[in-house]
Amino acid sequence: MLIKNDPTKDITFEDFKSDVLNDYKIAYTSRECSLLGRREVLTGKAKFGIFGDGKELPQIAWAKAFKKGDFRSGYYRDQTFMMAIGELNIEQFFAGLYAHTDIAHDPMSAGRQMGGHFTTHSLDENYNWKNLTEQYNSSSDISPTGAQMPRLLGLAQASKVYRNLKGFDTEKFSKSGNEVAWGTIGNASTSEGIFFETINAAGVLQVPMVISIWDDEYGISVHAKHQTTKENISEILKGFQRDSDNDGYEIIRVHGWDYVELINAYQKASEIARNEHVPVMIHVNELTQPQGHSTSGSHERYKSANRLKWEQSNDCNTKFREWIISNDISTDELITSLERGIKKSVKEGKQKAWKDFCDPIKNEKEEILELMNSVANASSQRVFIQKIIKQLVSIKEPLRNDILSRARKILKYLIHEDSTTKTELIEWINSYFKKNQPKYSTLLYSESESRATNIAEVLPLFDSNSKLVDGRVILRDNFDKILANKPEVLIFGEDTGTIGDVNQGLEGLQEKFGETRVSDTGIRETTIIGQGIGLALRGLRPIAEIQYLDYMVYALQIISDDLSTLHYRTFGKQKAPMIIRTRGHRLEGIWHSGSQLGGILNLIRGIYVLVPRNMTKAAGFYNTLIESDQPAMVVECLNGYRLKEKEPSNLGEFRTPVGIVETIKEGADLTIVSYGSTLRIIEKAAKDLQEVDIDVEIIDIQSLIPFDLQKDISKSVEKTNRILIIDEDVPGAASAYILNEILQNQNVYEHLDSKPQLLTAKEHRPAYGSDGDYFSKPSAEDVFETVYNMFHEVDPSSYPKLR
Ligand SMILES: Cc1ncc(C[n+]2csc(CCOP(=O)(O)OP(=O)(O)O)c2C)c(N)n1
Ligand SMILES: [Mg+2]
C-alpha cells in the first residue's frame, strides 16, 4: 500500500519507507520529550508540564498537509506538529520548560509562557512583518480552554479577504488567499461557548478553516459523558454538514491511531478548505493520554483499569509501530535501534538545554558571591551576612531570584554602615534589575518605530467653508477617507454594513467600498474580536465594532487573555494592531450604561483605551491608530452623534495624540479630572461654581491608557492645590485607576491642600430613565456640591454650609 504524502510527486517504495520511518522518528522523539519533560517537573527543575503524548500521530499527518503561509491556532498538545514542521527542536522544548529568557533558546516566548504554548515569529527584530507566505506560521497559544477558536476564525477569514482584496500589496501575507487556518481543540474544550460560536460563524462566513478535535474522552478527570451530548461532538454537529442545497462544513471522522486514514483525511481537508474555501471539521477519535493530563495529577485516580489498559494498546505510537512492522516497512530490531538513538538524543538535548539555562546564572552567582564576601569582610555585621552567603553557596543551580533576593537582604544589615563595597553592592543590585527586569516586563505595548506614542498631533483644520454638522457625519466622512487611503482596513460588526452602524457613522460606506471592506456580522461579540485578532495577525487592519460598551463584557475574556497579552507573550514576535470601536458613556439603564471602564481598564493592560469627548477627537484617534501598530479600544460618546461639531477640512489627516490630556477650561482654585460625556455635566457645574467665586480647571483625560504622559495633571494641581476626580463608573473603578496614576506616577500629594476627592456613580448599575440617571450617576449638582464642600471644609466662613 502506497500513500503519497505529496500527491504532486511520484515516489519509490524506498522513498516511501524512509518517509514513514522519519514520521515515526518525529513521533517517538516527541513522546520521549514528554516522558523526560514530566520527570524534569517532578524532580523540581521545571515548574509545570503539559505535554502532547498520545496525540502524536494525527499531528504528523496534519503537518504533511500544512503549507507555507498557512496558520495554526491550537493548544498545548501540539508539540509533535511543531516538531514536524521544523519549528521546535528538543533543546527548545526543554528551554521552554525551564523558562529560558533568551528568545534564541526559547523561541516560543523567551520564557514568558509555560512550555507547551507554541508560536512562530511573524516579525523581525524591528517589529516589521516578515514574509509570512514563505514560512510556517503558528499564532501564539494561550491557556484558557477553547480560547484559540475566535482568532482561528479571523486567521481563516484573512484568506477569503485576500482572495478579494484590491489595491493592497499582499506579497508578505498571502498568495491569492490560498492559505488554510488550522485549529486544534481538545474534546472537552468543545463544551465552551466560544467553540460553538466560532463553529457557527465560520460556517456562515465559509472560510478556509480546518478544526481538528483531539478526542481522548476526557477533560482532565471529567469524562465525555459530562461534557458532550451523546458523548460525540461530530455526531451532534452533523447539522453543519454541507449538502447540495446548503453551504456548511465538511465533517470527517478518523481514528487517531490509523496512519493511513489520518493522512488521507488531512489531504482531503486541505484540498477542500484551500480550493473551495469551505470549513472542515476533523473529529479525531480514540486518542489517549499516556501520562495523564499534566504534571499536576495522575490519571490512575480517575480512569478505570480497563480504560488504562485500552489506552496502552491503542496508543497511537504503538499502533503506528505495529503497522510499520506488519507492512514490512521495517523490523522490530531496526525500530528498537532507532528508538535507542532517539532516547539518547533527547537526553542529550535536555542536558544541553539545562546547561544553557543554568550557566549564565551560575556565572552571575559567582560574580555576586565575590562581592558579597568583600561586603561581609568590610562589615561589622559579617556573621549575619556570611549566613546569607552560605545559603547561596549551597544552591548549586540557582535561579535569578535566589541570587537577587539574597543580595537585597544583605543591604538590610548595612543600613548604618558606609563602605565602598556597600556602594558596589547597591550598584550591582541596580544594574542586575536593569539587566533582568526587561526580560520579564517589556513589550506589553508596541515599542516599534510606529508605536502610537510616536505619532505626532495634527490639528483639525477649519476654514470659512467649515460647516456645523452632526458628530456622526465627521466620523463617517473620516472613515470614508481611511477606507479610501488604506485598502487593508476592514470594518465589521453588528449592523455595521448595510445600515452603516446603528448611529450611521458608516452610512453609505458599504455601498461605496464593498462587502469585503465594510460588513455585517452575527451577534457574537467574542468572535467579532476573534476576527479582528486573526485578520490583524495576517497583516490586515481590522476595525472591529462592538455595538455598545456594555456588550464588551462578552468579548472581554478574549480581549484580556489573547489580544492584550499577544505582543508581550511572544516577546514582540507577533502583533495584532486591531482597533476596537465602541460607544458608551452615560447612557440609560442597567445594561446600556456604557460606564464600566474600571473593569475593562484593569483587564486589558496591553491595549490602549481612548475616550474621546467628541467625534472630531474620536476621528483623530482613528487616524493616529491606523498609522501605528498598537491595538486599541476607542469609546465614542453615544450621546454625541447628533451634537453639532464643525467639520474639519483635513479629514483623514488630523491626528489626536495618545497619552496627552487637554485642559478644556482653565481655572485657579481646583482641578477637576474626568473624561467622556461626563465632561459636559462638569462644564455646566463649573459655570455655577463661578457664580460662588470658585474657579475650577477642567482636564479631559482623553486617553486612559496610556495616561497623561506629560504629567500635565500634576502641573495643574501645582497651580490649584486641589483635585477632584469625577467618574461615571462605580466607586473604586476607573476613578481608582486615575487616582493611582496621579498619586503613584505624578506625586500630586506634594501639591495638595485638601485631600484628593473622588466623585463616582453609585455602587449599583444605573437605574432606568432620567431620574434613574440623576440618582445613580454624578449630576451637575453633585459636582457643584462636592467642590463647594471642599472649599467649605477649608474656609467655612467664606463658604458656609450648603445643606
Ligand atoms: C477556561 C478554562 N477553564 C479551565 C481550564 C483548566 N483546564 C485546562 S485543560 C482542561 C481540560 C481540557 O480537556 P480537553 O479539551 O479534552 O483537552 P485535553 O487536555 O484532554 O487534550 C481544563 C479543564 C482552563 N485552562 N481554561
Ligand atoms: Mg480531552
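Whatever order the structure lists ligands and atoms in, that order sets their numbers, starting from 1.
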Within a reach of under 6.0 Å around CZ of Arg605, are more than 12 heavy atoms found that belong to other residues, nucleotides or ligands?
yes

For atom 9 (S) of ligand 1, the closest protein heavy atom turns out to be Tyr76 OH, 2.9 Å

Under 4.0 Å from one or more heavy atoms of Tyr75, ligand 1 contributes atoms 17 (O), 18 (P), 21 (O)

Working for side-chain hydrogen bond (donor to acceptor under 3.5 Å, both in side chains), residues Tyr551 and Thr582:
CA-CA 9 Å; Tyr551 307 135; Thr582 192; over 6 Å; no

Are Arg112 and Phe571 in a cation-pi setup, meaning NZ or CZ lies under 6.0 angstrom from the ring centre and within 45 degrees of the ring axis?
no

Considering distance alone, does some N or O of Thr145 sit under 3.5 Å from an N or O of ligand 1?
yes

Please write down residue, atom name and distance for the protein heavy atom closest to atom 22 (C) of ligand 1.
Ile220 CD1, 3.6 Å

Just jot down the ligand 1 atoms closer than 4.0 angstrom to any heavy atom of Glu192, in number order.
1 (C)

Heavy-atom pairs closer than 4.0 Å: do any link ligand 1 to the side chain of His293, the backbone, both, or neither?
side chain

Counting each atom of ligand 1 from 1 as listed, which ones have a heavy atom of Arg77 under 4.0 Å away?
18 (P), 19 (O), 21 (O)

Under 4.0 Å between a side-chain nitrogen and a carboxylate oxygen: does that hold for Lys343 and Glu339?
no

Backbone or side-chain N/O/S of Asp216 under 2.8 Å of the Mg ion (ligand 2):
yes

For atom 25 (N) of ligand 1, what is the closest protein heavy atom, and at what distance to 0.1 Å?
Ser143 O, 3.1 Å

Could you check whether atom CG of Leu42 has more than 12 heavy atoms from other residues, nucleotides or ligands sitting under 6.0 Å from it?
yes

Are Gln289 and ligand 1 in contact, using a heavy-atom cut-off of under 4.0 Å?
yes

In plain terms, say whether Arg569 and Asp561 are close enough for a salt bridge, that is, a side-chain N and a carboxylate O under 4.0 Å apart.
no

Could you check whether atom NZ of Lys319 has more than 12 heavy atoms from other residues, nucleotides or ligands sitting under 6.0 Å from it?
yes

Whether Ser189 has an N, O or S atom under 2.8 Å from the Mg ion (ligand 2)
no

Would you please indicate yes or no on a ring centroid separation below 6.0 angstrom for Phe81 and Phe66?
yes

Counting only heavy atoms, which portion of Ser189 has something under 4.0 Å from ligand 1: side chain, backbone, both, or neither?
both

Select one of side chain, backbone, both or neither to describe which atoms of Asp216 lie under 4.0 Å from any atom of ligand 1, heavy atoms only.
side chain

Glu235 and side-chain contact (heavy atoms from CB on, under 4.5 Å): which single residue from Leu237, Ile233, Asn232 fits?
Asn232

Give a yes or no on this: more than 12 heavy atoms of other residues, nucleotides or ligands lie within 6.0 Å of atom OH of Tyr554.
no

Report the part of Trp214 (side chain from C-beta onward, or backbone N, CA, C, O) that has a heavy atom under 4.0 Å from ligand 1; answer both or neither where that applies.
neither

Quick check: does Tyr218 have an N/O/S atom under 2.8 Å of the Mg ion (ligand 2)?
yes

What I want to find out is whether Asp53 reaches Arg38 closely enough, with some N-O distance under 4.0 Å, to be called a salt bridge.
no

Pairs of nitrogen or oxygen atoms closer than 3.5 Å, one from Ala188 and one from ligand 1: do any exist?
yes

Ionic contact status for Glu179 with Lys67, cut-off 4.0 Å
no

So which protein heavy atom does atom 13 (O) of ligand 1 come closest to, and at what separation?
Gly219 CA, 3.2 Å

Check each atom of ligand 1 against the heavy atoms of Pro144 and keep those under 4.0 Å away; list them by number with element.
26 (N)

Quick note on ligand 1: atoms under 4.0 Å from a heavy atom of Gly186 include exactly 14 (P), 15 (O), 16 (O), 17 (O)

